[in-house]
S.K.: 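My questions will all concern the structure given below.
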Amino acid sequence: MDSKPPLPPFTADTAKQKVRMAEDAWNSRDPDRVVQVYTEDSRWRNRAEFPVGRGQIREFLQRKWAKELDYRLIKELWAFADNRIAVRFAYEWHDDAGNWFRSYGNENWEFNEYGLMQRRFASINDLLIKADDRLFHWPLGRRPDDHAGLSELGL
């Protein structure tokens with residue numbers, strides 16, 4: 001079986017590394033890249049959707065990024081223990097009518113012994129914002145290392 005280091009049990013450093021790797025993958029907006037870190041039978045709860053397995057997760061992500069345009073995400077480690085990590089996040093995006101949103105959320109992740117995520121539970125709230133209120137302005141893709149994180153931005 002493929003492995004995706006860092007592997008559990010997590011330390012503060014390896015949990016932070018895992019979170020940043022997830023943020024980087026999601027900021028690629030590439031469903032084929034993102035699904036590689038999940039088990040073949042990974043189970044999700046994302047808002048009111050419950051995809052199971054890489055195929056359904058890939059389809060979910062394709063729909064997501066077709067709707068959530070110019071998506072930019074920041075994740076931050078909240079807590080960790082053994083093979084679990086809790087994350088808080090915010091992302092900014094706009095719809096096809098040009099309405100901007102900042103979506104806030106929390107995720108709970110559970111990994112198998114190979115470092116693949118087997119369960120992901122996400123709770124997310126969307127806030128309509130003015131374009132002038134946006135805080136995430138880096139070019140699409142990976143957030144630069146020197147860009148402020150959630151805590152530094154007061155989010």
Side-chain angles (χ1 to χ4, degrees), residues 1-93 101-127 135-153 155:
M1 175 175 276
D2 291 335
S3 69
K4 295 292 182 191
L7 307 177
F10 297 110
T11 65
D13 287 338
T14 61
K16 286 179 189 175
Q17 181 183 1
K18 201 74 157 176
V19 170
R20 182 57 194 239
M21 291 169 65
E23 175 187 315
D24 291 349
W26 280 66
N27 275 325
S28 76
R29 297 174 331 279
D30 178 352
D32 292 324
R33 175 181 173 191
V34 173
V35 298
Q36 297 308 309
V37 302
Y38 301 102
T39 61
E40 291 289 342
D41 60 350
S42 185
R43 303 183 68 80
W44 279 26
R45 177 182 47 90
N46 195 97
R47 300 179 192 263
E49 293 193 53
F50 299 85
V52 176
R54 287 183 179 173
Q56 289 182 16
I57 293 168
R58 181 181 291 107
E59 290 170 4
F60 168 86
L61 293 170
Q62 289 168 336
R63 288 191 314 275
K64 172 185 180 62
W65 289 318
K67 174 189 170 198
E68 296 177 356
L69 307 173
D70 290 325
Y71 174 97
R72 290 171 178 86
L73 165 73
I74 300 176
K75 292 182 181 279
E76 183 176 280
L77 177 65
W78 186 254
F80 69 95
D82 301 320
N83 69 331
R84 293 181 173 172
I85 296 176
V87 174
R88 67 188 201 95
F89 63 87
Y91 61 92
E92 293 180 349
W93 59 281
F101 297 86
R102 184 173 304 123
S103 299
Y104 296 95
N106 299 295
E107 293 175 295
N108 295 309
W109 301 341
E110 182 181 78
F111 296 87
N112 69 11
E113 65 271 24
Y114 301 104
L116 295 169
M117 194 181 303
Q118 56 194 11
R119 296 198 299 169
R120 174 185 175 268
F121 305 109
S123 297
I124 306 166
N125 301 296
D126 300 317
L127 175 67
L135 298 173
F136 304 174
H137 296 284
W138 66 87
L140 289 176
R142 186 178 193 278
R143 176 174 56 102
D145 290 334
D146 61 350
H147 189 284
L150 295 179
S151 292
E152 293 83 8
L153 291 169
L155 299 177

S.K.: So does Lys64 pair up with Glu49, basic N to acidic O under 4.0 Å?
M.R.: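 No, no charged N to carboxylate O under 4.0 Å.
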S.K.: To the closest 0.5 Å, what do you measure between OG (Ser3) and CD (Glu113)?
M.R.: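 Answer rounded to 0.5 Å: 10.5 Å.
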S.K.: Donor-acceptor check, side chain of Asn83 to backbone of Phe111, threshold 3.5 angstrom: yes or no?
M.R.: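 Answer holds: yes.
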S.K.: Hey, does the side chain of Arg88 reach the backbone of Leu155 with a donor-acceptor pair shorter than 3.5 angstrom?
M.R.: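 Checked: pair present.
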S.K.: Are Leu140 and Arg72 packed together at the side-chain level, in the sense that at least one heavy-atom pair is separated by less than 4.5 angstrom?
M.R.: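 Side-chain contact under 4.5 Å: yes.
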S.K.: In chain order, what residues pass the salt bridge (charged side-chain N to carboxylate O under 4.0 Å, His left out) check against Asp30, with sequence neighbours excluded?
M.R.: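 Partners of Asp30 by the salt bridge (charged side-chain N to carboxylate O under 4.0 Å, His left out) criterion come out as none, since no residue qualifies.
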S.K.: Step by step, would you call Leu153 with His147 a side chain to side chain contact (heavy atoms under 4.5 Å, CB included)?
M.R.: CA-CA 10 Å; Leu153 291 169; His147 189 284; 4.2 Å; yes
S.K.: With sequence neighbours excluded, tell me which residues meet salt bridge (charged side-chain N to carboxylate O under 4.0 Å, His left out) with Lys16.
M.R.: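 In terms of salt bridge (charged side-chain N to carboxylate O under 4.0 Å, His left out), with neighbours along the sequence ignored, Lys16 is linked to no residue.
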S.K.: Measuring centre to centre across the rings, with the benzene-like ring taken for any Trp, is Tyr38 within less than 6.0 Å of Trp44?
M.R.: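 Aromatic pair counts; centres sit under 6.0 Å.
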S.K.: Could you list the residues that satisfy side-chain hydrogen bond (donor to acceptor under 3.5 Å, both in side chains) with Ser103, not counting sequence neighbours?
M.R.: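 Partners of Ser103 under the side-chain hydrogen bond (donor to acceptor under 3.5 Å, both in side chains) test: Trp93, Asp126.
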S.K.: Would you confirm whether Asn112, through its side chain, and Gly115, through its main-chain N or O, come within 3.5 Å as a donor-acceptor pair?
M.R.: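 Yes; at least one donor-acceptor contact below 3.5 Å.
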S.K.: Considering non-hydrogen atoms only, spot the tightest contact between Ile74 and Gly149 and give its length.
M.R.: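 For Ile74 and Gly149, the tightest heavy-atom pair comes out as CG2-CA, 4.1 Å.
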S.K.: Any idea which heavy atoms bring Lys18 and Pro6 closest together, and the distance?
M.R.: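 Heavy-atom minimum between the residues: NZ-O, 3.0 Å.
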S.K.: Can you tell me if Trp78 has over 12 outside heavy atoms packed within less than 6.0 Å of its CH2?
M.R.: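 Counting neighbours around CH2 of Trp78, 12 or fewer heavy atoms of other residues, nucleotides or ligands fall under 6.0 Å, so no.
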S.K.: Which pair of non-hydrogen atoms, one from Phe136 and one from Ala90, has the smallest distance, and what is that distance?
M.R.: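 Residues Phe136 and Ala90, closest heavy atoms: CE1-O, 3.4 Å.
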S.K.: Ignoring hydrogens and angles, tell me if any N or O in the side chain of Arg43 forms a donor-acceptor pair with the backbone of Asp41 under 3.5 Å.
M.R.: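 Side chain of Arg43 to backbone of Asp41: no pair is present.
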S.K.: So, for Asp2 and Tyr114, which heavy atoms are closest and what is the spacing to 0.1 Å?
M.R.: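 Heavy atoms only, the tightest pair is O-CB, 3.5 Å.
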S.K.: Nearest 0.5 Å please: distance from the OG1 atom of Thr39 over to the CD1 atom of Ile57.
M.R.: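 Rounded to the nearest 0.5 Å, the OG1-CD1 separation comes to 7.0 Å.
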S.K.: Could you pull out every donor-acceptor pair under 3.5 Å between side chains of residues 118-125 and any protein atom, sequence neighbours left out?
M.R.:
unit_1, atom_1, unit_2, atom_2, d
Gln118, NE2, Glu110, OE1, 3.0
Arg119, NE, Glu110, OE1, 3.0
Arg119, NH2, Glu110, OE2, 3.2
Arg120, NE, Glu107, OE2, 2.6
Arg120, NH1, Asn46, OD1, 2.8
Arg120, NH2, Asn46, OD1, 3.0
Arg120, NH2, Glu107, OE2, 2.8
Ser123, OG, Arg45, NH1, 3.3

S.K.: Any side-chain heavy-atom pair from Asp145 and Arg20 closer than 4.5 angstrom?
M.R.: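 Result yes, sub-4.5 Å side-chain heavy-atom pair found.
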S.K.: Heavy-atom distance under 4.5 Å between the side chains of Asn27 and Tyr71, does that happen here?
M.R.: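 A side-chain contact under 4.5 Å exists here.
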S.K.: Who passes side-chain hydrogen bond (donor to acceptor under 3.5 Å, both in side chains) against Arg33, sequence neighbours left out?
M.R.: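 Residues passing side-chain hydrogen bond (donor to acceptor under 3.5 Å, both in side chains) with Arg33: none at all.
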S.K.: Please round to the nearest 0.5 Å and tell me the distance separating atom OG1 of Thr14 and atom CE of Met21.
M.R.: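 CE of Met21 is found 11.0 Å from OG1 of Thr14.
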S.K.: Work out which heavy atom in Val87 is nearest to a heavy atom in Ile85; give both atom names and the distance.
M.R.: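 Result for this residue pair: CG2-CG2, 3.8 Å.
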S.K.: Just jot down the side-chain hydrogen bond (donor to acceptor under 3.5 Å, both in side chains) partners of Arg102, sequence neighbours excluded, or say none.
M.R.: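 Once residues adjacent in sequence are excluded, the partners of Arg102 under the side-chain hydrogen bond (donor to acceptor under 3.5 Å, both in side chains) criterion are Glu92, Tyr104.
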S.K.: Under 3.5 Å, is there a donor-acceptor pair between the side chain of Arg143 and the main chain of Trp138?
M.R.: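 Here the side-chain-to-backbone pair does not exist.
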S.K.: So do the side chains of Trp109 and Val37 get within less than 4.5 Å of each other, counting heavy atoms only?
M.R.: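 No, their side chains stay 4.5 Å or more apart.
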S.K.: Can you name the closest pair of heavy atoms from Leu73 and Lys75 and give their distance?
M.R.: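 Taking Leu73 first and Lys75 second, the nearest heavy atoms are CD2-CE, 3.6 Å.
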S.K.: Can you tell me how far the OH atom of Tyr91 sits from the CG atom of Asp70, to the nearest 0.5 Å?
M.R.: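 Between atom OH of Tyr91 and atom CG of Asp70 there are 14.0 Å.
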